[in-house]
Structure formats: structure tokens, C-alpha cells
**Q** 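Take a look at the following structure, please.
Residue numbers run from 1 in the order of the sequence given. Nothing here was measured: the structure is a model prediction, and the numbers come from that model.
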Amino acid sequence: MKKTLCVLLAAAALLPAWACAQPVEPDLSAYEDAGGKAEIPVEILGGLDEETREDLVEAPKYAALTFDDGPRADTTGRLLDGLLERGAAATFFVIGEQVPCNKELLQRMKAEGHQIGNHTYSHVRLLKADKDAVVEEIHKTEVLLTEAVGEGSFWLRPPYGLIGSERAELIRTPMIYWSVDPQDWKLLNKDKVVAAVLDAVQPGDVILLHDFYSTSVDAALEIVDRLQKEGYDFVTVEELFRIQGVEPQQGTLYARPDRVRTLS
């Protein structure tokens, strides 16, 4: 009896490590539904050719890369390496279930200047969820994130970007949708994802990607490389609001700082 009990306890002790190694891919099918100019001294401008002057006084280009459904040890870690090398910031909307096994990744995100947001505890559909369930899903993730990285506002991205007006009244942070969606989770093809983003992106956009997929990580890093050459800087969503002078309101769903989504 004692021997059997010891075996069961040993198996239980190993369970968390096994769970960490087996992240659960969320069901993403519901996605189917769903700044001032630079000031250059006149005396400097006067000595430059016209094309160079136009480049210098052009409004800075800022965009926000956002990643859902992580963190995941292998893909998110490689993504953080690439962003650090390129000097690019991002915003990670994380699933609460993934937090306990990936605290070091989250601490690294914070230390390297990225924004961490809430993507509910279990990627639940908030649109028609019971109101108590909505509060619990968000609160549980906030508690886990606070334990991992300290106090924060942890802005919310509703799974699938879907939430109704009644549930939105329960939310005590800004909510972030997106303005560019290459459907990377569906394409699972780096080149197609890169092409979709480059074809659509404009300054001030919020780009939706998923760090759960290796192809999305590859695409994200190439997107940064290509757009940095075009003069883009990648900032967190919170920084993008600050740069554009927009004060985000709790319970409001933003596609980008200058565009609000209408709730049903």
C-alpha cells in the first residue's frame, strides 16, 4: 500500500512539468466571424535637398505588434530573442492557463519593455458567457499575472475580439481589438502572412498575430525587418495610445487608438 501511494504521489509531482510541455492550442475558428510631425530646425532644412527634407519632416510611423494565446516556451522565447535583436517592442495578450508554467518568459517580457495583457484564463468566448464567468476568467488571469510580474493594468483582448456591451460594462481596463489581421493561425505560412500584413498596414495600426505558431514568429520577425526599412517603429499598444494622444477608456474596445469598435 505504501509503495502504491509513493508511486501515485511521484506521478502527481511530475504532472505540472508535463502540462507545461503540452500547451493547448486554442480553438480559433470564431475569428472567421469576427502624431505630430518631427520638428527639424529651419537652418538644417535649408541646406538639404528637397527629397531629404521631405523624409525628415515626415510624420513618424508607429505600429503595434500584438500576440495572442501564449506564452509558449519554444515559440515565444524565440520571438523575444528576435524582437530584442531588432529593438522592437510588442504586446502579449496571454492565456491565464499558460502563465504558471512560463513565469520566467513573462518576467523577461516585462524586463525587455513589452506590454502584457489579459486574454482570459481559458480563451473563453465572452460574447454570451455568463457574467460571473466573464469576471472570473479575467480576474483569475489578473491574479496569476500579478504573481508573475507584479502589479499592472493588464489590458484585455477578448478572445476572437468578441464581447457585447453588457459584458463590456464589467471590464475595468481598456480592451484591444486589431486593425490588421493576416489570419496567421489559418494560413500557417510565413510568406503569406508577411504579404498580408505588408499589403494592409498603415501607421497607427494594431497587428494581430499568434506567438503559439512557429510560422507566425518567423513572419513577425520578417515584418519587423521589412517595415523598419520603411521607417516604422514598433511600440506597445499602450505607447501607441500615448504617442497619438489618446486616453484609453475602460470597457471600450479599440481597433486602434483612433478607431473604436461598436459593441452589440
Side-chain angles (χ1 to χ4, degrees), residues 24 26-34 62-70 90-99 115-146 151-186 200-212 235-264:
V24 178
D27 172 17
L28 301 182
S29 59
Y31 281 117
E32 299 277 11
D33 308 325
Y62 296 103
L65 281 173
T66 65
F67 297 92
D68 287 6
D69 300 345
T91 301
F92 293 85
F93 292 99
V94 305
I95 295 176
E97 289 178 328
Q98 306 283 63
V99 170
Q115 182 179 353
I116 299 171
N118 189 331
H119 201 41
T120 74
Y121 182 77
S122 59
H123 206 266
V124 69
R125 300 168 189 250
L126 299 180
L127 186 61
K128 296 181 179 180
D130 181 84
K131 289 185 178 181
D132 288 340
V134 171
V135 173
E136 181 181 9
E137 282 278 331
I138 295 168
H139 179 67
K140 284 172 67 175
T141 305
E142 288 178 343
V143 170
L144 289 169
L145 288 173
T146 300
E151 295 291 335
S153 59
F154 306 124
W155 295 9
L156 175 70
R157 171 168 280 160
Y160 315 106
L162 301 175
I163 189 169
S165 56
E166 290 186 6
R167 273 80 179 161
E169 292 176 356
L170 305 172
I171 310 304
R172 297 293 175 256
T173 69
M175 299 185 295
I176 304 301
Y177 192 74
W178 53 81
S179 54
V180 176
D181 177 11
Q183 295 195 323
D184 59 316
W185 59 273
K186 185 176 182 180
V201 70
Q202 297 290 330
D205 272 332
V206 174
I207 302 167
L208 170 64
L209 293 166
H210 298 79
D211 52 322
F212 196 94
V235 297
T236 67
V237 172
E238 190 170 16
E239 289 170 334
L240 192 62
F241 274 78
R242 186 164 55 248
I243 288 166
Q244 296 197 5
V246 176
E247 183 66 32
Q249 303 300 309
Q250 69 178 34
T252 301
L253 183 62
Y254 295 90
R256 41 181 281 161
D258 58 359
R259 191 182 306 162
V260 173
R261 295 275 299 181
T262 301
L263 301 177
S264 58

**Q** Nearest 0.5 angstrom please: Leu145 CG to Phe154 CZ, how far?
**A** 5.0 Å
**Q** Would Val206 and Ile176 satisfy side-chain contact (heavy atoms from CB on, under 4.5 Å), going step by step from the backbone distance to the final call?
**A** CA-CA 9 Å; Val206 174; Ile176 304 301; 4.1 Å; yes
**Q** Using side chain to side chain contact (heavy atoms under 4.5 Å, CB included) as the criterion, point out the one residue from Leu127, Ile163, Ile171 that pairs with Pro158.
**A** Ile163
**Q** Among Tyr177, Phe93, Phe241, which residue meets the ring-ring contact (aromatic ring centres under 6.0 Å, His included) test with Trp155?
**A** Phe241
**Q** With side chains defined as the heavy atoms from C-beta onward, is the minimum distance between Met175 and Thr252 less than 4.5 Å?
**A** no
**Q** Counting C-beta onward and ignoring hydrogens, is there a side-chain heavy-atom pair between Trp178 and Arg261 closer than 4.5 Å?
**A** no
**Q** Taking atom OG1 of Thr120 and atom CG of Leu156, what is their separation to the nearest 0.5 Å?
**A** 7.5 Å
**Q** Is there side-chain contact between Leu209 and Leu65, with at least one heavy-atom pair below 4.5 Å?
**A** yes
**Q** For the backbone of Ser122 and the side chain of Glu137, can you confirm whether one donor and one acceptor N or O come within less than 3.5 Å of each other?
**A** yes
**Q** Decide yes or no on side-chain contact (heavy atoms from CB on, under 4.5 Å) for Asn118 and Val94, but give the supporting numbers first.
**A** CA-CA 6 Å; Asn118 189 331; Val94 305; over 6 Å; no
**Q** Tell me if a side-chain donor or acceptor on His119 pairs with a main-chain N or O of Arg157 at a distance below 3.5 Å.
**A** yes
**Q** Does any part of the side chain of Tyr121, heavy atoms only, come nearer than 4.5 Å to the side chain of Glu97, both counted from C-beta?
**A** yes
